[in-house]
Amino acid sequence: MPNAFDPTSAPASGVDVFAGVDILAIAAHRDDVEQTCGGTLLVQQALGWRTGILDLTRGEGGTRGTAAEREAEANAAAKILRVSHREALDLPDGNVENTQANRLKIAAVLRRLRPRVIILPYWQGRHPDHYTVATLGYEACFQAGLSKLDLPAEFGAPHRPYKVLYASLYADVRPTFVVDISEHIETRLQSLLAYRSQYGAQSAGAGLFVPEEDIRERMFATARHYGLLAGVRYAEPFVQKEVACVGNLMTLPVASI
Ligand SMILES: [Zn+2]
């Protein structure tokens, strides 16, 4: 039996108990994580936790770049974000649906990687793929814990993540909390710029895409906004559905006055 989980201390480096991840960000598209919670993954990696990314589509429907180009870019971004693992499923880009087949595909990954914390996109937004993944991902997490789920044993034993968080950077909603990413914002910017087919200066789709020189300003302004809500420089916002429970009023962060 493994030892009881202690969230305050990461495993000693070099002791690779299993090839899974502690924190898994699930997103519709390659580069979504870089835009909404890449700084948080860097924070957790720096604390010693294993982080990972599951992209549900491969970007074949985008205006710019092929799926192969986007794979190479996603791998480059994964290195910059220092994640332990990144993979992509084959859901159709632009038509992500909450079906049982798709829930099973995600549940199989969850049983293999066995994350404790899941980050999903917020459940409202402009792009249907994004808000669909919020529900699809949540239901896959639920099903991954069912012992009678219709998945072959080689995908691993039932596993249900402990925590489901929603990255709300692009949502018009007050976050439950923010993560201070001040030390990592430059690295997060570099991870986004790794998607050269999307963000490099070029003419195809010029009306749709932000010129590279504007990306920094936009990312930093958004992160500064969320940082100001909590008295830090740069931050990423999250929503959790459940109520938080506090053990000690004396250590609550963020000044009220
Ligand atoms: Zn997206």
Yes or no on ring pair (Phe, Tyr, Trp, His ring centres under 6.0 Å) for Y122 and Y170, after CA distance, side-chain angles and deciding distance?
CA-CA 8 Å; Y122 188 69; Y170 286 128; over 10 Å; no
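- The pair R216-E186 meets the salt-bridge criterion, since a charged nitrogen lies less than 4.0 angstrom from a carboxylate oxygen.
- For the ring-ring contact (aromatic ring centres under 6.0 Å, His included) test with Y166, the passing option among Y131, W123, Y138 is W123; the others fail.
- Counting non-hydrogen atoms of neighbouring residues, nucleotides and ligands closer than 6.0 angstrom, the NZ atom of K79 reaches no more than 12 such neighbours.
- In terms of heavy-atom proximity, A77 sits nearest to Y195 at CB-CE1, 3.6 Å.
- In this structure, S182 and Y234 have side chains that are in contact, with non-hydrogen atoms separated by less than 4.5 Å.
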Using the side-chain contact (heavy atoms from CB on, under 4.5 Å) rule, take I181 and T40 through it: C-alpha gap first, then chi angles, then the decisive distance, then the call.
CA-CA 6 Å; I181 63 157; T40 299; 4.2 Å; yes
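- A donor-acceptor contact shorter than 3.5 Å links the side chain of R188 to the backbone of Q35.
- Note on K105 versus E87: no salt bridge recorded, every NZ/NE/NH1/NH2 to OD/OE distance being 4.0 Å or above.
- Hydrophobic clustering (side-chain heavy atoms under 4.5 Å, transitive across Ile, Leu, Val, Met, Phe, Trp, Tyr) groups F177 together with L41.
- With hydrogens and angles disregarded, a donor-acceptor distance shorter than 3.5 Å links the side chain of T57 to the backbone of A28.
- Geometrically, R112 does not engage F155 in a cation-pi contact defined by less than 6.0 Å to the ring centre and at most 45° from the axis.
- Scanning both residues, D32 and A27, for their nearest heavy atoms gives CB-CB, 3.6 Å.
- Put simply, Y226 and L42 are part of two different groups of oily side chains (I, L, V, M, F, W, Y) that touch within less than 4.5 Å, one to the next.
- Taking a 6.0 Å sphere around CD of E154, one finds it holds more than 12 heavy atoms contributed by other residues, nucleotides or ligands.
- The structure places CZ of R233 at 9.5 Å from CD1 of I185, a figure rounded to the nearest 0.5 Å.
- Counting heavy atoms from C-beta on, the side chains of V21 and T51 never come closer than 4.5 Å.
- A salt bridge does not link R196 with E69: none of the charged nitrogens is closer than 4.0 Å to a carboxylate oxygen.
- S84 places no side-chain N or O within donor-acceptor distance of the main-chain N or O of G52, the cut-off being under 3.5 Å.
- Between I80 atom CD1 and H184 atom NE2 the span is 14.5 Å, to the nearest 0.5 Å.
- Remark: I119 CD1 to T36 OG1 distance equals 8.0 Å, nearest 0.5 Å.
- Looking only at distances, a side-chain donor or acceptor of R111 sits under 3.5 Å from a matching main-chain atom of A144.
- Tracing side-chain contacts under 4.5 Å through hydrophobic residues (I, L, V, M, F, W, Y), one never reaches I23 starting from L169; they form parts of separate clusters.
- Side-chain contact annotation: Q198 with D31, donor-acceptor N/O pair under 3.5 Å absent.
- Hydrophobic clustering places L113 together with L89 (ILVMFWY residues linked when any side-chain heavy atoms are closer than 4.5 Å, directly or through intermediates).
- In the hydrophobic cluster analysis, where Ile, Leu, Val, Met, Phe, Trp and Tyr join through side-chain heavy atoms closer than 4.5 angstrom, V179 is grouped together with F220.
- Contact annotation: the side chain of R50 never approaches that of H85 to less than 4.5 Å [non-hydrogen atoms, C-beta and beyond].
- Side chain of Q143 to main chain of A107: no donor-acceptor pair is present (N/O by atom type, distance under 3.5 Å, no hydrogens or angles).
- A 4.5 Å side-chain heavy-atom check between L110 and L24 finds at least one atom pair inside the cut-off.
- Under a 3.5 Å cut-off, the side chain of R114 and the backbone N or O of D22 do not form any donor-acceptor pair.
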Please walk me through it: do D90 and R58 pass salt bridge (Lys or Arg N to Asp or Glu O under 4.0 Å)?
CA-CA 6 Å; D90 59 354; R58 300 184 176 190; 5.7 Å; no
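- Interatomic distance, R103 CZ to T135 OG1, rounded to the nearest 0.5 Å: 10.0 Å.
- For the pair R160 and L146, the minimum side-chain heavy-atom distance is below 4.5 Å.
- Side-chain atoms of N102 never come within 3.5 Å of backbone atoms of V96 as a donor-acceptor pair (strictly under, hydrogens ignored).
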V33 and V83: CA distance, side-chain angles, deciding distance, side-chain contact (heavy atoms from CB on, under 4.5 Å) verdict
CA-CA 11 Å; V33 165; V83 295; over 6 Å; no
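- Taking both residues in full, the closest heavy atoms of E236 and G39 are given as OE2-N, 2.8 Å, listed atom of the first, atom of the second, then distance.
- To the nearest 0.5 angstrom, S191 atom OG is 6.0 Å from M219 atom CE.
- In this pair, H29 and H127 present their aromatic rings tilted. The plane angle is within the 30 to 60° band.
- A 4.5 Å side-chain heavy-atom check between L189 and I215 finds at least one atom pair inside the cut-off.
- R82 places no side-chain N or O within 3.5 Å of a backbone atom of Q45 that could act as its donor or acceptor partner.
- The shortest non-hydrogen separation linking V173 to S168 is CG1-CB, 3.8 Å.
- Put simply, CG on L193 and CD on E73 are 11.0 Å apart, with the number rounded to the nearest 0.5 Å.
- No side-chain donor-acceptor contact under 3.5 Å links R30 to the backbone of N75.
- In this structure, H159 contributes its side chain and P115 its backbone to a donor-acceptor pair below 3.5 Å.
- Minimum interatomic distance between T99 and L136 (heavy atoms only, all atoms of both residues): O-CD1, 4.3 Å.
- Residues P121 and I26 approach most closely at CD-O, 3.4 Å, considering heavy atoms.
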